[in-house]
Asks: 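The following block contains the structure, expressed as structure tokens.
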Amino acid sequence: MEIKEFKIEVLSTKNKLFRFAFRLLRNHEEAEDTVQDVFLKLWDIRHKLDQYNSVEALAMTMIKNKCFDKLKAKRNQNVDIDQQAPIRSGATAPDRKTELRDTSSLIQRVIDRLPEQQKMIIQMRDVEGMEFEEIAKVVQLSINNVRVNLSRARKKVRDVLTNTHNYGLTKN
């Protein structure tokens with residue numbers, strides 16, 4: 001793989017990889033460092049990348065493993081609510097912005113309490129928009145197990161939203 005191809009196939013995934021690393025590590029600098037480390041490793045094996053069906057899935061797997069290694073080394077890492085990305089809502093009224101921020105914060109807290117696998121799957125599918133096949137490769141589960149875990153994660157988030165502060169959702 002030449003430098004031009006590397007830039008197109010690998011470096012174009014930077015934002016997606018960063019969001020995934022940040023979701024797991026909850027630290028901006030460590031997430032950036034992790035993405036850079038993975039890019040360096042991918043550059044080192046650039047001549048072998050043609051052997052993989054999805055370089056993006058490989059990169060996501062590498063990010064996941066590197067993040068887990070960092071988390072094992074540092075178990076007590078917490079996130080400051082100020083580190084979270086602000087909601088971009090255009091010309092929304094201040095009370096609506098506050099409501100959206102509160103809802104986003106609640107969703108974030110619920111997702112953070114999910115089992116690690118469900119947390120990763122909901123991030124990859126709902127935030128990153130990855131396909132089930134790619135997610136299955138990254139988390140090393142069958143597509144059906146990915147769907148089940150995603151369904152359970154979404155149900156937990158939905159149940160909390162439904163039962164907290166009357167967010168306007170109705171139970172079916």
Side-chain angles (χ1 to χ4, degrees), residues 1-89 100-101 103-143 145-147 149-150 153-154 157:
M1 178 177 285
E2 296 301 319
I3 195 164
K4 185 176 181 180
E5 292 172 293
F6 187 84
K7 284 181 179 178
I8 293 169
E9 283 191 49
V10 179
L11 296 182
S12 65
T13 64
K14 179 180 136 195
N15 291 335
K16 184 181 282 192
L17 296 174
F18 172 78
R19 287 188 303 267
F20 187 55
F22 183 75
R23 162 70 68 198
L24 296 174
L25 296 173
R26 310 301 295 154
N27 181 289
H28 191 272
E29 291 79 21
E30 284 191 21
E32 284 180 343
D33 290 346
T34 303
V35 171
Q36 289 300 322
D37 290 345
V38 167
F39 280 161
L40 287 173
K41 286 183 181 188
L42 288 170
W43 178 253
D44 288 341
I45 63 168
R46 68 187 175 279
H47 300 294
K48 299 176 188 176
L49 292 179
D50 294 334
Q51 298 172 5
Y52 294 93
N53 291 335
S54 173
V55 176
E56 183 178 327
L58 172 65
M60 292 292 277
T61 301
M62 292 171 75
I63 289 285
K64 175 192 76 165
N65 293 337
K66 194 125 181 86
C67 288
F68 283 168
D69 289 346
K70 286 185 178 198
L71 289 171
K72 285 178 188 173
K74 193 193 309 184
R75 290 263 184 219
N76 297 327
Q77 184 173 352
N78 293 323
V79 151
D80 184 3
I81 202 92
D82 296 332
Q83 289 178 334
Q84 295 182 9
I87 297 174
R88 292 177 179 87
S89 56
L100 289 171
R101 199 173 3 263
T103 302
S104 176
S105 178
L106 175 62
I107 291 169
Q108 188 70 39
R109 287 192 309 270
V110 173
I111 290 173
D112 287 344
R113 285 184 286 187
L114 291 172
E116 202 61 44
Q117 213 164 41
Q118 289 180 7
K119 188 188 313 184
M120 285 190 308
I121 290 170
I122 202 169
Q123 170 75 21
M124 287 187 276
R125 181 66 182 171
D126 291 343
V127 177
E128 305 302 336
M130 291 175 66
E131 297 296 325
F132 286 107
E133 295 80 13
E134 290 179 304
I135 297 169
K137 287 179 188 174
V138 171
V139 296
Q140 298 176 339
L141 292 174
S142 70
I143 293 173
N145 282 343
V146 169
R147 290 179 191 274
N149 275 289
L150 179 62
R154 286 175 175 168
V157 171

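Keep in mind that the numbers below use all heavy atoms, side chains included, and drop hydrogens, waters and symmetry copies.
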Asks: Shortest non-hydrogen contact from M130 to R125?
Replies: O-NH1, 2.9 Å
Asks: Where do V146 and A136 come nearest, in terms of heavy atoms and distance?
Replies: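 Closest approach of V146 to A136, heavy atoms only: CG2-CA, 3.7 Å.
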Asks: Give every residue pair that meets the salt bridge (charged side-chain N to carboxylate O under 4.0 Å, His left out) criterion with at least one member in residues 114-123, sequence neighbours excluded.
Replies: E116-K119
Asks: So which pairs with a foot in residues 37-52 pass side chain to side chain donor-acceptor pair (under 3.5 Å), sequence neighbours left out?
Replies: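 Checked against side chain to side chain donor-acceptor pair (under 3.5 Å) - neighbours excluded - no pair reaches residues 37-52.
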Asks: For a quick test of reading the model, state the closest non-hydrogen atom pair linking C67 to L24 and the distance between them.
Replies: CB-CD1, 3.8 Å
Asks: Is any side-chain heavy atom of F68 less than 4.5 Å from a side-chain heavy atom of M120?
Replies: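 Yes, their side chains come closer than 4.5 Å.
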Asks: For residues Q118 and I111, determine if any side-chain heavy atom of one lies less than 4.5 Å from a side-chain heavy atom of the other.
Replies: no
Asks: Do K70 and N27 have side chains that approach each other closer than 4.5 Å (heavy atoms only, starting at C-beta)?
Replies: no
Asks: How would you list, by chain and number, every residue that makes a side-chain contact (heavy atoms from CB on, under 4.5 Å) with D126, sequence neighbours excluded?
Replies: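 Here the qualifying residues are I122, L150, R154.
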Asks: Could you check whether any side-chain N or O of N149 sits under 3.5 Å from a backbone N or O of N145, counting only pairs where one atom can act as donor and the other as acceptor?
Replies: yes
Asks: Under 3.5 Å, is there a donor on one side chain and an acceptor on the other for R109 and S105?
Replies: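 There is such a pair between these side chains.
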Asks: When you measure from the side chain of Q140 to the backbone of K137, do you find a donor-acceptor pair of N or O atoms at a distance under 3.5 Å?
Replies: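 Side chain of Q140 to backbone of K137: no pair is present.
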Asks: Quick one: are H28 and E32 in side-chain contact, heavy atoms under 4.5 Å?
Replies: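 Answer yes - side chains close enough.
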Asks: Should I121 and Q117 count as side-chain neighbours, where that means a heavy-atom distance under 4.5 Å?
Replies: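 Yes - at least one pair of side-chain heavy atoms lies under 4.5 Å apart.
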Asks: Please name the pair of heavy atoms, one in K64 and one in V138, separated by the smallest distance, quoted to 0.1 Å.
Replies: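 Between these two residues, the closest heavy atoms are NZ-O, 2.7 Å.
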Asks: Are M62 and L42 packed together at the side-chain level, in the sense that at least one heavy-atom pair is separated by less than 4.5 angstrom?
Replies: yes
Asks: State plainly whether the residues R23 and D112 are in salt-bridge range, i.e. N to O under 4.0 Å.
Replies: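 Yes.
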Asks: Would you tabulate the side-chain donor-acceptor contacts of residues 11-20 under 3.5 Å, counting partners in other chains and residues two or more places apart, or write 'none'?
Replies:
unit_1, atom_1, unit_2, atom_2, d
S12, OG, I8, O, 2.5
T13, OG1, V10, O, 2.6
K16, NZ, E56, OE2, 2.7
R19, NE, E128, OE1, 3.2
R19, NE, E128, OE2, 3.1
R19, NH2, E128, OE1, 2.7

Asks: Under the criterion side-chain contact (heavy atoms from CB on, under 4.5 Å), I'd like the reasoning laid out for M60 against M124: C-alpha separation, chi angles, the key distance, then a yes or no.
Replies: CA-CA 9 Å; M60 292 292 277; M124 287 187 276; 3.7 Å; yes
